[in-house]
Amino acid sequence: ITLNDLPISSATQTALDNITAGTSTLTIPITVKVADDGSGSQNVFYLLGGSDTGSGTKAPSLDLSVGFKYKFDISDNSNTGHPLKFSVTQDGTHNSGSAFTTNVTESGTAGSSGAFVQLEITPETMGASTSTGAGVPTLYPYCPNHSGMGGNAVYSLFASGSGGGGGLSVGLAMALG
């Protein structure tokens, strides 16, 4: 079954068309926790989505699409001292990179009630220039205080309707539950 097979009202179709066109957004909540990666010596970010209340998925790669805001809830006390940042360089500032800030909203302090980091994927996000003049095809999560916390996660950015298939697609499927 595809979306084309579902009976959708004209209002719903218009909303989906606006998301696809990048003129409207839908917010996808993602809960972030920090825990040991199993080695006993390295903390990493774990992501939980939807109604998942377990330990989450360790540093997964994600396909992020235009038209969506990804709201990373960093209020769990395990995030204390581990702010979530994004970079075009794996491991961010620990690997001579810098924080990516285009369409990124930060609120509160990691580990405190209500704290979150929101990343909105828009054509502007996709076209933000890098030092090489290219668009931004990937972002990497990292903690500015501790190296290695993003693990091998890659957040691939895609225009709506085009996906790489290499990561967990977080978009309409997650939104619809």
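- Partner of Tyr142 under the side chain to side chain contact (heavy atoms under 4.5 Å, CB included) criterion, out of Thr93, Leu84, Thr89: Thr93 alone.
- With values rounded to the nearest 0.5 angstrom, Leu64 atom CG is found 6.5 Å from Leu119 atom CG.
- A parallel orientation is assigned to the rings of Phe72 and Tyr155, their planes being inclined by less than 30° (bins at 30° and 60°).
- Counting heavy atoms from C-beta on, the side chains of Tyr46 and Val34 never come closer than 4.5 Å.
- Proximity of a side-chain donor or acceptor of Asn95 to a complementary backbone N or O of Gln90 within less than 3.5 Å is detected.
- Rounded to the nearest 0.5 angstrom, Asn79 CG and Phe45 CZ are separated by 6.5 Å.
- Between Pro83 and Cys143 there is a side-chain heavy-atom pair separated by less than 4.5 Å.
- A continuous path of hydrophobic side-chain contacts links Val32 to Val104 [ILVMFWY only; heavy atoms under 4.5 Å].
- A cation-pi geometry, defined here as NZ or CZ lying under 6.0 Å from the six-membered ring centre and within 45° of its normal, holds between Lys71 and Phe116.
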Start with the C-alpha distance between Phe68 and Thr27, add both sets of side-chain angles, then the distance that settles side chain to side chain contact (heavy atoms under 4.5 Å, CB included), and finish with yes or no.
CA-CA 6 Å; Phe68 293 92; Thr27 301; over 6 Å; no

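- The side-chain heavy atoms of Val88 and Leu139, taken from C-beta on, include a pair separated by under 4.5 Å.
- In summary, the side chains of Ser147 and Asp91 do present a donor paired with an acceptor at a separation below 3.5 Å, with no hydrogens or angles considered.
- Taking 4.5 Å as the limit, some side-chain heavy atom of Gln42 sits within range of a side-chain heavy atom of Met149.
- Pairing each heavy atom of Ser98 with each of Ser87, the nearest pair is O-OG, 2.7 Å.
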Yes or no on side chain to side chain contact (heavy atoms under 4.5 Å, CB included) for Asp73 and Ile30, after CA distance, side-chain angles and deciding distance?
CA-CA 6 Å; Asp73 177 348; Ile30 302 171; over 6 Å; no

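- Scanning both residues, Asp37 and Ser39, for their nearest heavy atoms gives OD1-OG, 2.6 Å.
- Linking ILVMFWY residues whenever their side-chain heavy atoms come closer than 4.5 Å, directly or via other members, leaves Leu47 and Val154 in distinct clusters.
- Listed by chain and number, the residues in a side-chain hydrogen bond (donor to acceptor under 3.5 Å, both in side chains) with Asn43 amount to none (sequence neighbours excluded).
- Residues Lys69 and Ile28 form no side-chain contact, since every pair of their non-hydrogen atoms from C-beta on lies 4.5 Å or further apart.
- When side chains are defined from C-beta on, Val117 counts as touching Ile74, because their heavy atoms get closer than 4.5 Å.
- In this structure a side-chain-to-backbone donor-acceptor pair under 3.5 Å is missing from Glu120 to Thr102.
- Minimum interatomic distance between Asp63 and Tyr70 (heavy atoms only, all atoms of both residues): O-OH, 4.4 Å.
- The number of heavy atoms from other shown groups lying within 6.0 Å of CG (Asn152) does not exceed 12.
- Shortest non-hydrogen contact noted between Ser75 and Ser112 is CB-O, 3.1 Å.
- Put simply, the side chain of Asp36 gets close to the backbone of Ser41: a donor and an acceptor are under 3.5 Å apart.
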